[in-house]
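A short write-up of the structure that comes next.
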Amino acid sequence: MTTSTPADPLVERMRPFGTTIFTEMSALAVRTGAVNLGQGFPDTDGPPEMLAAAAEALASGANQYPPLAGIPALRHAIAAHEQRFWSLDRDPDGEVVVTAGATEAIAAAILALCEPGDEVVCFEPYYDSYAASITLAGAVRRPVTLRPEMGGRYEFDEAALRAAFGPRTRLVLLNTPHNPTGKVFSVDELALIAELCQEYDAFAVTDEVYEHLVFEGEHVPLATMPGMRERTLRISSAGKTFSCTGWKVGWATGPARLVSAVQRVKQFLTFVNASPLQPAVAVALGLPDAYFTEFNARMRANRDHLTAGLREAGFGVFPSYGTYFVTADIRPLGGTDGVEFCRSLPARSGVVAVPTQVFYDHQDAGRHLIRFAFCKRPDVIDEAVRRLKS
Ligand code: PMP
Ligand code: GLN
């Protein structure tokens, strides 16, 4: 008797998810020697105080399992940071949990809160792990499209957002400042989302990993809107704010019942992580305001520099109000398909970018759009622009 071997052992629901675009494009950059403005990671180290604290922790025995919720010093630092910047009151014992990056917090939140068939309202283009985590949970995504409108600002249609809510809506997954568009959701937009969450008795899970990277307008956590604290789980991470994307130290904060739900799932995903890095992130979160304003100013200068360079190179560039990404329209350069464009860009120009169409369910809305990261040294941005212009 012969047994047939299925071509792909992967569970069916995960088969539509290939290798992430970030992995594909970073590998392409390494293979071709192109300047990598694709995957969002800085090329400069974070604050020296943080790095020294990590080295010290590593050398002084902080190398075994930390407590499930995270070490007390870090939980206190997370709570103090939320109080300092966003006036949110958190009990470090019960309203804060440390996770393996924001990615684990997002996955654990969705797995913890969604029954199969429950619906998750999100905005597209969405960060790629959202779709995968929703699918892993057996939940259904209800994407609302962000489109560049007047002046290039990405907007959504209020009627489309209202239509995305229904009796099966379990939660809204909101990323602001928004990757990849650089959109910063306005107070009016947040008020509408808050109103709908309350009308449909839905939770909100907010991804605020770019909370310190707003260049125009202000960052407002949805949890601070009237009626939202009790139904919002706020997620962030050290990766972006402290230029340590490889550390994977993230957190979720919110009312104890939501944090507890996340913790009960996360204990079976990773259990815990990053023992010697936790005290170091606690140090970083407590740095004076000057650290945060200088970091923001540096990234704003990079944004201006890259935006101008991309315009000179002939792209249609949309203003980036936050994050460390800027999106561009390839049609002025004769491009029609962002995936094709980005796959051939290293050979043509020696630069790597990321096509954003892979972050949409309605791919036509993003077919002509690509994303560049500007969390790079000015000379690297210069070199990328020089190559793109030629
Ligand atoms: N959310 C968004 C919007 C991101 O851009 C990223 C990427 N870095 C993450 C979550 C993941 O964060 P972490 O590396 O802390 O898991
Ligand atoms: N968040 C990073 C970005 O958007 C990539 C993270 C990853 O590679 N998964 O570019």
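Values reported hereafter were calculated over all heavy atoms of this structure, with side chains retained and with hydrogens, waters and symmetry mates removed. Just so you know, ligand 1 is whichever comes first in the structure, and atom 1 is the first atom listed for that ligand.
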- Name the closest protein heavy atom to atom 12 (O) of ligand 1, giving the residue it belongs to and the distance to 0.1 Å. Ala102 CB, 3.6 Å

- Taking atom types as modelled, find out whether Tyr360 and Arg367 have a side-chain donor-acceptor pair closer than 3.5 angstrom. no

- Task: Among all protein heavy atoms, pick out the one at the shortest distance from atom 11 (C) of ligand 1; state its residue, atom name and that distance to 0.1 Å.
- Result: Thr103 OG1, 3.3 Å

- Item | Ligand-side contact atoms (ligand 1) for residue partner Asn175, heavy atom cut-off under 4.0 Å | 3 (C)

- Query: Do Phe22 and Phe359 have their ring centres less than 6.0 Å from each other?
  - Reply: yes

- Can you tell me the protein heavy atom closest to atom 6 (C) of ligand 1 and the distance? Tyr127 CZ, 3.4 Å

- Residues Glu211 and Ser236: side-chain donor-acceptor under 3.5 angstrom: yes

- Touching ligand 2 at all, Phe325? Heavy atoms, strictly under 4.0 Å? yes

- Message: For Phe325, does the six-membered ring have the charged nitrogen or CZ of Arg371 within the cation-pi criterion, i.e. under 6.0 angstrom from the centroid and within 45° of the normal?
- Response: yes

- Message: Over 60° means perpendicular and under 30° means parallel, so tell me whether Phe292 and His81 are parallel, tilted or perpendicular.
- Response: tilted

- At a 4.0 Å threshold, what atoms of ligand 1 neighbour a non-hydrogen atom of Val209? 1 (N), 2 (C), 4 (C)

- Note on the structure: atom 14 (O) of ligand 1: closest protein heavy atom, distance to 0.1 Å, is Lys248 NZ, 3.1 Å

- Pair Glu208, Thr176: side-chain N/O donor-acceptor within cut-off below 3.5 Å: no

- Of all the heavy atoms in Thr20, does at least one lie under 4.0 Å from an atom in ligand 2? no

- Residue, atom and distance of the protein heavy atom nearest atom 7 (C) of ligand 2 read Phe22 CD1, 3.5 Å

- Task: Using only heavy-atom distances, determine whether the side chains of Asn175 and Tyr210 contain a donor-acceptor pair under 3.5 Å.
- Result: no

- Aromatic rings Phe341 and Phe315: how do their planes relate, parallel, tilted or perpendicular, breaks at 30° and 60°? perpendicular

- Task: Would you mind listing which atoms of ligand 1 come within a distance below 4.0 Å of any non-hydrogen atom of Asn179?
- Result: 3 (C), 4 (C), 5 (O)

- Task: Mark up the atoms of ligand 2 that fall under 4.0 Å of a heavy atom belonging to Tyr127, in ascending order.
- Result: 1 (N), 4 (O), 5 (C), 6 (C), 7 (C), 9 (N)

- Item | Under 3.5 Å side-chain donor-acceptor pair for Thr307 and Arg303 | no

- Contact atoms of ligand 2, heavy-atom distance to Gln39 under 4.0 Å: 5 (C), 7 (C), 8 (O), 10 (O)

- Task: Just need the protein heavy atom nearest to atom 7 (C) of ligand 1, so name the residue and atom and give the distance.
- Result: Lys240 NZ, 2.8 Å

- Can Thr145 and Glu124 be counted as having a side-chain donor-acceptor contact under 3.5 angstrom? yes

- Applying a 4.0 Å heavy-atom criterion (strictly less than), which segment of Met25 is in contact with ligand 2: side chain, backbone, both, or neither? neither

- Centres of the Phe156 and Phe123 rings: under 6.0 Å? yes

- heavy-atom search around atom 1 (N) of ligand 1 in the protein gives Asp207 OD2, 2.5 Å

- Of all protein heavy atoms, the one nearest atom 15 (O) of ligand 1 is Ser237 OG, 2.6 Å

- Query: Any N or O of Gly40 that comes nearer than 3.5 Å to an N or O of ligand 2?
  - Reply: yes

- No-hydrogen, no-angle side-chain donor-acceptor test under 3.5 Å, Asp45 and Ser243: no

- Numbered in order shown, the ligand 2 atoms found under 4.0 Å of a heavy atom of Lys240 are 1 (N), 2 (C)

- Item | ligand 1 contacted by Tyr210 (non-hydrogen, < 4.0 Å) | yes

